[in-house]
Amino acid sequence: MKNKSKRGTISRREFLEGTGTALIVTTAVPALHGQAPVDARTPADQSARVPRTVIRFTLNGTTRRVEVEDRWTLAELLRDHLGLTGTKLGCERGECGACTVLLDGKPVYSCSNLAVWADGRSIETVEGLARNGQLSRLQRAFVEHDAPQCGFCTSGQLMAATALLRANPHPTPDEARAAMTGNLCRCANYNRYVEAVVAAGEAAPRSTTGRSGK
């Protein structure tokens, strides 16, 4: 004769069997009255409902007028809609610096800035550094000092260094390190990046009116 469970208790076997039955019944029962219906709209329909704004800005010296979705990041606008893929996406949470661009001359993480915030402003990306097919002094220094390794973070490093050299044309190694702390290099080639930035500064003409040229 089988032993019966004590009153008020349930065996593991009974629990698992009951749970399985409940799951089967749940999947077979129609949706309850008042339950939110599944959104059957297509992605195109959903996109049409997203607020959009026309923004005007200067991109690498050229005036642009673009209609953007208010939810787009600046990185998304540049990469996915303007084809400027030199701006890289790494962490996508404002930590690695791979997506660094210049906004009104200041380095910013484009993954953490909305595109609509660029309205009326100036944007510079790595594609704008070379002029007439010629690399900038900083880009040449990066090549000469073997700064890029895998190259993924290089565009962000270049933009951060460009902002530094404009504010401080002749930085010391410590000043270069401090200015570029927001840019991570997974290859750990930091010393070469710093050497390249310092070398680019040393190659720049020196002003007779002071260090900053003011």
>> My understanding is that only residues two or more places apart in sequence, or in another chain, count here; which of them pass salt bridge (Lys or Arg N to Asp or Glu O under 4.0 Å) with R93?
In response: E95
> Are W72 and L82 linked, directly or through other ILVMFWY residues, by side chains that come within less than 4.5 angstrom of each other?
Replying inline: yes
> To the nearest 0.5 Å, what is the distance between OG1 (T73) and CD (E92)?
Replying inline: 7.5 Å
> Has the side chain of N189 got a donor or acceptor atom that lies under 3.5 Å from a matching backbone atom of Q149?
Replying inline: no
> side-chain hydrogen bond (donor to acceptor under 3.5 Å, both in side chains) with E195: which residues, sequence neighbours excluded?
Replying inline: none
> A204 and P169: which non-hydrogen atoms are nearest, and at how many Å?
Replying inline: CB-O, 4.4 Å
> Which heavy atom of S155 sits nearest a heavy atom of T87, and at what distance?
Replying inline: OG-CA, 4.4 Å
> Are the side chain of R79 and the backbone of L84 linked by a donor-acceptor contact shorter than 3.5 Å?
Replying inline: no
> How would you list, by chain and number, every residue that makes a salt bridge (Lys or Arg N to Asp or Glu O under 4.0 Å) with E76, sequence neighbours excluded?
Replying inline: none
> So which heavy atom on A98 is nearest to which on G90, and how close?
Replying inline: CB-N, 4.3 Å
>> Once salt bridge (Lys or Arg N to Asp or Glu O under 4.0 Å) is applied, do any residues pair with R56, and if so which ones, sequence neighbours excluded?
In response: none
>> List the residues meeting side-chain hydrogen bond (donor to acceptor under 3.5 Å, both in side chains) with D70, not counting sequence neighbours, and say none if there are none.
In response: T53
>> What's the separation between atom CZ in F152 and atom SG in C185, rounded to the nearest 0.5 Å?
In response: 12.0 Å
> What pairs of residues pass the salt bridge (Lys or Arg N to Asp or Glu O under 4.0 Å) test when at least one of them lies in residues 147-156, not counting sequence neighbours?
Replying inline: none
> Can you name the closest pair of heavy atoms from A160 and T100 and give their distance?
Replying inline: N-CG2, 4.2 Å
>> How close do G201 and H170 get, counting heavy atoms only, and between which atoms?
In response: O-ND1, 2.7 Å
> To which residues is M180 joined in a hydrophobic cluster, defined by side-chain heavy-atom contacts under 4.5 Å among Ile, Leu, Val, Met, Phe, Trp and Tyr, whether direct or through other members?
Replying inline: L102, V126, L129, L138, F142, L158, M159, L164, L165, Y193, V197
> At their closest point, which heavy atom of P171 faces which heavy atom of A176, and how far apart are they?
Replying inline: CB-N, 4.4 Å
> Checking side-chain contact (heavy atoms from CB on, under 4.5 Å) for the pair D174/V194: CA distance, chi angles, key distance, verdict?
Replying inline: CA-CA 9 Å; D174 284 343; V194 170; over 6 Å; no
Table please: side-chain donor-acceptor pairs of residues 103-115 below 3.5 Å, with sequence neighbours left out.
unit_1: D104; atom_1: OD1; unit_2: S122; atom_2: N; d: 2.9
unit_1: D104; atom_1: OD2; unit_2: R121; atom_2: NE; d: 2.9
unit_1: Y109; atom_1: OH; unit_2: G182; atom_2: O; d: 2.6
unit_1: S110; atom_1: OG; unit_2: C99; atom_2: O; d: 2.7
unit_1: N113; atom_1: ND2; unit_2: Y109; atom_2: O; d: 2.9

>> Which residues pass the side-chain hydrogen bond (donor to acceptor under 3.5 Å, both in side chains) test with D80, not counting sequence neighbours?
In response: none
> Taking side chain as C-beta onward, heavy atoms only, is V66 less than 4.5 Å from H81?
Replying inline: no
>> If the condition is salt bridge (Lys or Arg N to Asp or Glu O under 4.0 Å), which residues does D146 pass it with, not counting sequence neighbours?
In response: R192
> Who else is in the cluster with Y190 when I, L, V, M, F, W and Y are joined by side-chain contacts under 4.5 Å?
Replying inline: L184
> Going hydrophobic residue to hydrophobic residue with side-chain gaps under 4.5 angstrom, can you get from I123 over to I55?
Replying inline: yes
> Is there side-chain contact between T172 and V198, with heavy atoms separated by less than 4.5 Å?
Replying inline: no
> Could you give all pairs that pass the side chain to side chain donor-acceptor pair (under 3.5 Å) test and reach residues 127-142, with sequence neighbours left out?
Replying inline: T125-E127, S136-Q139
